[in-house]
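Just so it is clear, the values below take in all heavy atoms, side chains as well, and ignore hydrogens, waters and symmetry mates.
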Amino acid sequence: MQDNTTPSTYTNNTTMSSSPVTMAFDHAPKRSMFEARDAASWDDATWILTSSFIIFTMQSGFGLLESGSVSSKNEVNIMAKNVADVIFGGISYWMLGYGFSFGDGSGTNGFCGIGKFFIDPEDSVMGEEFSRFVFQSSFATTATTIVSGAIAERTRYLAYIVFSFFNTFVFCFPAHWVWSKHGWLNKLGVVDVAGDGPVHLVGGATSLIATIIIKPRAKRFTPEDDHQMGSPTGALLGLFILWWGWLAFNCGSTYGISGGKWKMAARAAATTLMAASTGGVAGFGCSYIVNNRKFHIPQIINGVLGGLVSITASCAVTGIWESLVIGAIGGVLVMASDALLVKLHIDDPVSAIPVHGVGGIWGLIAAGLFTHKDNITQNFSRTHGLVKGGGFYLLGVQMLAVVVITAWSMAASGLVLVILDKTMGLRLTPEEEEIGSDFIEHNIRSLNARCKSEIMSSAIAELETNGTVLNTNGEFILRIDPNLMANSTPGIEDSATNGNTIHPVLETRPGEREQSQPKSKLHFLIIRNRSSDAKSTNDKVKNPKRDSQKQDSACNISGVSMLSYSPQKDNLTNHSCDID
């Protein structure tokens with residue numbers, strides 16, 4: 001990028017009372033789009049950097065939203081993935097990603113930039129270059145963070161770290177096509193102010209291929225599905241942080257406030273807020289209708305986010321009335337596509353595919369319909385959209401962008417994921433998935449595990465009296481002969497007490513109690529039944545001596561757990577297995 005801050009470009013500017021000297025951008029209304037974007041001043045750099053810092057807080061928003069949407073035994077892991085996105089994705093973007101996006105050296109072409117690798121610019125262009133790098137690096141890591149939620153609760157952390165490093169390169173080439181003056185889509189006149197294509201559609205398309213490769217979580221789309229939001233409150237807090245960051249995301253994409261760019265930023269702020277509001281109305285309305293007059297938190301969140309994604313491409317170049325329509329349609333499309341994914345058994349815990357993929361597609365198409373020609377800065381749109389009388393050309397370019405960015409993202413990220421799956425392995429084992437990534441990857445016991453331990457303690461206490469008990473999870477607990485465990489080999493061993501006192505269960509007949517503490521381990525069998533008919537299942541379990549063949553045919557068992565209690569250590573060990 002050339003240095004445009006020569007002494008001849010400085011003059012007095014009465015619009016900036018804090019300094020008598022700045023760039024004379026106000027006096028160059030006819031400058032080309034790229035000259036306008038390349039021209040820099042300290043106030044523009046301050047605007048870009050401030051927006052970048054706010055966008056960086058979106059990582060917290062994504063983390064809270066995703067951790068609140070998954071089960072509590074995986075909430076720490078999903079936050080740690082967001083950390084990995086910034087660290088490893090940021091390094092790869094500095095090394096090569098920024099150069100592939102905005103390099104302008106020898107060999108630069110419509111597909112990718114060349115140069116500016118391991119960016120360390122000269123003093124003459126340092127302010128402008130570093131400002132853009134910091135801003136775009138926030139975009140690059142966001143594109144990967146979107147994927148982390150879609151494959152949550154079943155992905156190996158080390159494999160994800162490697163993926164986050166390489167996924168930056170999936171983002172940087174579409175960024176070049178859309179935002180670089182050398183990019184082939186840019187030369188066609190594509191409109192994408194803040195990244196519906198390079199950020200959201202890339203993230204959504206990558207999420208789709210990733211969920212297909214990794215496959216659904218255990219028990220998902222089965223009668224035994226027990227996946228629930230771990231913290232709806234945390235997810236809502238994440239939504240507000242994302243909403244706050246989105247204003248910087250869209251407004252900061254004007255790349256400054258000098259000249260008429262502050263007007264474009266103000267318009268972007270207004271349209272962003274209104275589109276989010278009508279998207280939220282769509283979320284409230286769909287939930288009220290579909291869920292028997294109940295307002296489900298995921299649908300409220302997805303409606304707002306759908307509106308935010310939908311306005312991202314045209315936020316600075318469309319009107320306030322158009323933004324209301326764009327956001328409302330975006331919210332409805334997200335609701336409909338989310339329901340479609342469930343029917344197709346595509347497991348996306350945080351609805352990343354509907355929100356970012358479908359929302360990104362609609363946002364790009366909406367820009368082809370509702371865009372106004374940019375007569376203020378001449379930076380962002382060269383013609384009107386279809387509804388404003390600009391014909392079908394812009395709509396055609398926008399749809400072409402949708403096709404090529406989707407195809408590129410799925411092919412490139414799919415290749416990376418397949419290689420990782422064949423070499424490192426992407427998926428946790430069923431046993432690891434059942435225990436949870438927080439403990440498996442980070443050695444952290446979740447609140448969910450502690451609650452289960454309390455349930456188990458209550459069930460064992462009840463067992464002292466009744467001999468057989470149906471616990472709150474619909475599982476039947478039977479005490480068995482310790483001799484049956486003499487030659488067993490544990491498949492999973494994990495302390496389930498979490499510091500809670502487990503009252504020793506005595507080796508007596510049901511209903512009897514002993515005063516002395518047993519000297520050997522006590523063993524209990526927990527039977528997890530597929531049937532929802534607790535009464536009929538209870539009858540089966542209470543007759544353990546029935547013919548084994550008859551029991552196999554009559555009892556629909558999904559899995560068993562063997563609990564071993566050590567009185568000396570006050571320790572409860574769990575050995576579990578699933579039965580196909």
Would you please classify the geometry between the [Y] ring and the [X] ring as parallel, tilted or perpendicular, with 30° and 60° separating the classes?
X      : Y      : value
Phe133 : Tyr93  : parallel
His384 : His372 : perpendicular
His200 : Trp246 : parallel

Just checking, is any N or O donor in the side chain of [X] or [Y] under 3.5 Å from an acceptor N or O on the other one?
X      : Y      : result
Asn74  : Ser437 : yes
Tyr160 : Asp85  : yes
Asp104 : Thr108 : no

Is a side-chain donor or acceptor of [X] paired with a backbone partner of [Y] at a separation under 3.5 angstrom?
X      : Y      : answer
Thr57  : Ile54  : yes
Glu433 : Arg154 : no
Trp179 : Asp192 : yes
Thr278 : Ala328 : yes
Asn302 : Pro298 : yes
Asn186 : Val178 : yes
Ser148 : Thr144 : no

Atom [atom1] of [X] with >12 non-hydrogen neighbours under 6.0 angstrom:
X      : atom1 : value
Phe56  : CZ    : no
Phe240 : CZ    : no
Phe111 : CZ    : yes

Do [X] and [Y] have side-chain heavy atoms sitting under 4.5 Å apart?
X      : Y      : answer
Cys315 : Phe380 : no
Leu247 : Leu273 : yes
Leu308 : Asn250 : no
Leu420 : Phe166 : no
Phe102 : Glu129 : no
Ile48  : Ser52  : yes
Val402 : Gln398 : no
Arg156 : Thr429 : yes

Inset, instruction - Check step by step if side-chain contact (heavy atoms from CB on, under 4.5 Å) holds for Cys251 and Trp47. - result: CA-CA 9 Å; Cys251 299; Trp47 176 257; 3.9 Å; yes
Supply the atom-to-atom distance [X] [atom1] to [Y] [atom2], rounded to the nearest 0.5 angstrom.
X      : Y      : atom1 : atom2 : answer
Leu237 : Leu242 : CG    : CG    : 9.5 Å
Cys286 : His296 : SG    : NE2   : 13.0 Å
Thr141 : Gln59  : OG1   : CD    : 4.5 Å
Met399 : Leu395 : CE    : CG    : 6.0 Å

Legend entry - Ring centers of Phe139, Phe249 separated by less than 6.0 Å: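 Between Phe249 and Phe139, which both carry aromatic rings, the centre distance is below 6.0 Å.
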Got a sec, which residues hit side-chain contact (heavy atoms from CB on, under 4.5 Å) with [X], two or more places apart in sequence or on another chain?
X      : result
Val342 : Arg220, Phe221
Ala316 : Val193, Met264, Ala268
Leu49  : Phe53, Ser131, Val134

Inset, instruction - Under the side-chain contact (heavy atoms from CB on, under 4.5 Å) rule, what do Trp362 and Asp196 come out as? Steps first, then yes or no, please. - result: CA-CA 9 Å; Trp362 164 240; Asp196 255 338; over 6 Å; no
Inset, instruction - Using a strict cut-off of less than 4.0 Å between a Lys/Arg side-chain nitrogen and an Asp/Glu carboxylate oxygen, indicate whether Glu66 and Lys81 qualify as a salt bridge. - result: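 Salt bridge absent between Glu66 and Lys81.
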Legend entry - Chi angles and distances behind the side-chain contact (heavy atoms from CB on, under 4.5 Å) call for Glu322, Met274: CA-CA 10 Å; Glu322 289 93 331; Met274 291 300 97; over 6 Å; no
Inset, instruction - Apply side-chain contact (heavy atoms from CB on, under 4.5 Å) to the pair Val317 and Phe370, showing each step before the final yes or no. - result: CA-CA 8 Å; Val317 288; Phe370 300 109; over 6 Å; no
Legend entry - Arg217: which of Asp226, Asp348, Asp347 passes salt bridge (charged side-chain N to carboxylate O under 4.0 Å, His left out):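 Looking at Asp226, Asp348, Asp347, the match for Arg217 under the salt bridge (charged side-chain N to carboxylate O under 4.0 Å, His left out) is Asp347.
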